[in-house]
Amino acid sequence: MAVFTPIELKDISHWIAKDFKIGQASEIRGIHGGIENSNFFLDTMQDGKKQEYVLTIFERLSAQQLPYYLELMRHLANKGIPVPKPIENHKGEILFSLKGKPAAIVSKLPGLSRLKPEVKHCSMVGEMLAKMHLAGKDFSKTQENLRSLGWWQKTIPLITPHLNAAQKDLLIHELAIQEAFFSSAAYDMIPQGASHCDLFRDNVLFDPRGLADSSQDQLGGFFDFYFAGTDKWLFDLAVTANDWCLADNKQDLDPARLDALMQAYQSVRPLTSEEQASWPLMLRAAALRFWVSRLWDFYLPRDAQMLTPHDPTHFEHILLSRRSL
Ligand SMILES: Nc1ncnc2c1ncn2[C@@H]1O[C@H](COP(=O)(O)OP(=O)(O)O)[C@@H](O)[C@H]1O
Ligand SMILES: N[C@@H](CCOP(=O)(O)O)C(=O)O
């Protein structure tokens, strides 16, 4: 995150005590990392025990869009997928208003991110991603991925004035390829459902089981569902592969990590023939998605405390690498 909307303990103490069954708020701390929302670790004291939550103030998403994400998390958590569970108030509501903006409180997951994943981390993530896709099959709400083709088409003209000729050509050419892919019969046949769409290494936690080395790591959970949407499951897998399965040069795919991710995913949900055929183009779609959003954040930034924009060049290189496959 970043903190776009500062919150202090005095702003929420009375509200927490009055509206929830989570005890008394005892501490609130702004969280570094992340770029979309204002996030805080919120501690409470309940029956003499410290409880930990995450309070999020949504900076871009509207109160109309948010029920999809929060209900999805509740649905998945109820099905045993390790994701943050939204906390209800006395009326059973999970979406609130704080400082005039939508807000939610969710459970804090255990663990830490592994930013240098080994093969076994890719494997755990692949398996849980496929389980999550299947667990979302009977989720009744649908909402498009708000960072998909329509958003790329709208956003690319805003960022091209900032780019050099080669970058502009690359962006415009790849957009045309993706427009053709998205309107193809093969694309139409790829299965879809609730997808995370941003399952980067920093959105997954591992429970280190008390050991300093990572060999005993267990999956702690997936979080940050605020880019989720009803999308092709293969897109979700491609987003994941582009971040988790990088070789040492940080742009090409590492065969061992990729193989681990794909094998584990397919041990739960084998890919259809259309998905297999579409994989190279889907990897490119996933690279384009994040190149565009990082360029947008970089050239059209918002005011915030603690905001560190992500490097757009990283995804330019990834896109070039996937195009050469
Ligand atoms: N439910 C959660 N459990 C544990 N840590 C969390 C949780 N939600 C967020 N965090 C922490 O907050 C940081 C920023 O959250 P993130 O969702 O990535 O921000 P943003 O909403 O801006 O994308 C994460 O890197 C993680 O450390
Ligand atoms: N994962 C995306 C953008 C969102 O970042 P997050 O840290 O808020 O999850 C990227 O790396 O560009």
Side-chain angles (χ1 to χ4, degrees), residues 1-5 22 28-43 51-61 65-66 69-70 72-74 76-77 81-87 94 101-115 145-147 151-152 155 159 195-208 219-229 235-236 238-244 246 250 286-299 301-302 304-319:
M1 83 137 196
V3 171
F4 303 88
T5 307
I22 59 173
I28 184 158
R29 308 177 295 285
I31 311 176
H32 290 266
I35 55 164
E36 276 301 304
N37 301 304
S38 297
N39 289 308
F40 306 84
F41 287 127
L42 166 66
D43 296 345
Q51 308 288 349
E52 298 179 294
Y53 301 94
V54 173
L55 167 68
T56 300
I57 311 262
F58 299 100
E59 302 290 346
R60 275 178 171 151
L61 293 165
Q65 293 163 335
L66 282 161
Y69 310 106
L70 297 171
L72 175 61
M73 285 192 274
R74 175 150 69 178
L76 295 174
I81 305 295
V83 303
K85 192 165 184 173
I87 304 300
I94 51 179
K101 294 181 180 170
I105 300 174
V106 301
S107 56
K108 181 171 183 283
L109 297 174
L112 40 87
S113 294
R114 291 294 187 193
L115 300 179
N145 169 1
L146 303 175
R147 291 279 184 276
W151 186 80
W152 311 341
T155 306
I159 51 187
S195 298
H196 186 287
C197 301
D198 185 27
L199 197 61
F200 280 49
R201 287 161 289 168
D202 61 358
N203 287 332
V204 175
L205 297 177
F206 291 93
D207 183 350
L219 193 68
F222 296 170
F223 66 97
D224 198 4
F225 277 77
Y226 305 120
F227 282 125
F235 177 75
D236 218 4
V239 168
T240 309
N242 275 344
D243 190 63
W244 285 84
L246 293 179
K250 298 194 166 82
L288 179 67
R289 144 65 178 101
F290 287 97
W291 190 30
V292 172
S293 65
R294 286 186 173 200
L295 286 168
W296 186 59
D297 283 330
F298 191 81
Y299 288 113
R302 297 176 289 165
Q305 296 171 17
M306 299 156 69
L307 174 65
T308 315
H310 292 138
D311 170 22
T313 326
H314 177 67
F315 272 101
E316 179 182 352
H317 295 155
I318 291 188
L319 178 58

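Just so you know, residue 1 is the first one in the sequence shown, and it goes up from there. Start at 1 and go down the list; that is how both ligands and their atoms are numbered.
Each of the atoms 9 (O) of ligand 2 lies under 4.0 Å from some heavy atom of N203. Taking every non-hydrogen atom of D198 and a distance limit under 4.0 Å, the qualifying atoms of ligand 2 come out as 1 (N), 2 (C), 4 (C), 9 (O). Close approach of ligand 2 to D224 (heavy-atom distance below 4.0 Å) involves ligand atoms 6 (P), 8 (O), 9 (O). Taking a cut-off of under 4.0 Å to the non-hydrogen atoms of R294, the atoms of ligand 2 that pass are 10 (C), 11 (O), 12 (O). Close contacts of ligand 1 with L205, meaning ligand atoms under 4.0 Å from a residue heavy atom, involve 4 (C). Near P84, meaning under 4.0 Å from one of its heavy atoms, ligand 1 places the atoms 1 (N). Listed by atom number, the atoms of ligand 2 under 4.0 Å from D202 heavy atoms are 7 (O). Set against the non-hydrogen atoms of N203, the atoms of ligand 1 under 4.0 Å away are 18 (O). Interface of F290 with ligand 2, defined as ligand atoms under 4.0 Å from a residue heavy atom, comprises 2 (C), 10 (C), 12 (O). Listed by number with element, the atoms of ligand 1 under 4.0 Å from a non-hydrogen atom of F41 are 5 (N), 11 (C).
Contact annotation: F227 has at least one heavy atom less than 4.0 Å from an atom of ligand 2.
The N/O atoms of H32, backbone and side chain alike, include none that comes under 3.5 Å of an N/O atom in ligand 1. Taking any N or O of Y226, backbone or side chain, none lies under 3.5 Å from an N or O belonging to ligand 1. Looking at L109 next to ligand 1, an N or O pair under 3.5 Å apart turns up. Taking any N or O of S293, backbone or side chain, none lies under 3.5 Å from an N or O belonging to ligand 2.
Taking each of G221, S107, G30 in turn, the one with a heavy atom nearest to atom 1 (N) of ligand 1 proves to be S107. The heavy atom nearest to atom 15 (O) of ligand 1, considering only L61, N39, L112, V54, is found in N39. Taking all heavy atoms of F223, F58, F40, F225 into account, the minimum distance to atom 24 (C) of ligand 1 is reached by F223.
Of the candidates L246, T240, N242, W244 forms a side chain to side chain contact (heavy atoms under 4.5 Å, CB included) with just one, namely T240.
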Steps toward side-chain contact (heavy atoms from CB on, under 4.5 Å) verdict (R289, W152): CA-CA 7 Å; R289 144 65 178 101; W152 311 341; 3.7 Å; yes
Under the salt bridge (charged side-chain N to carboxylate O under 4.0 Å, His left out) rule, what do R147 and D198 come out as? Steps first, then yes or no, please. CA-CA 10 Å; R147 291 279 184 276; D198 185 27; over 6 Å; no
Evaluate the criterion side-chain hydrogen bond (donor to acceptor under 3.5 Å, both in side chains) for residue pair N39 and T56; output intermediate values, then yes/no. CA-CA 5 Å; N39 289 308; T56 300; 2.6 Å; yes
Audit row: R74, I94, side-chain contact (heavy atoms from CB on, under 4.5 Å) steps and yes/no: CA-CA 10 Å; R74 175 150 69 178; I94 51 179; 3.8 Å; yes
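Judged by the 6.0 Å distance and 45° axis criteria, R60 is not positioned over the aromatic ring of Y226. Under the 6.0 Å distance and 45° angle rule, K108 counts as a cation-pi partner of F41.
Note on ring orientation: taking the six-membered ring where Trp is involved, the planes of F315 and F200 are tilted (angle from 30° to 60°).
Rounding to the nearest 0.5 angstrom, the gap separating the OG atom in S293 from the CZ atom in F298 is 13.5 Å.
Applying the ring pair (Phe, Tyr, Trp, His ring centres under 6.0 Å) test to Y299 and every residue at least two apart in sequence or in another chain returns H162. For S107, the side-chain hydrogen bond (donor to acceptor under 3.5 Å, both in side chains) test picks out no residue, with sequence neighbours left out.
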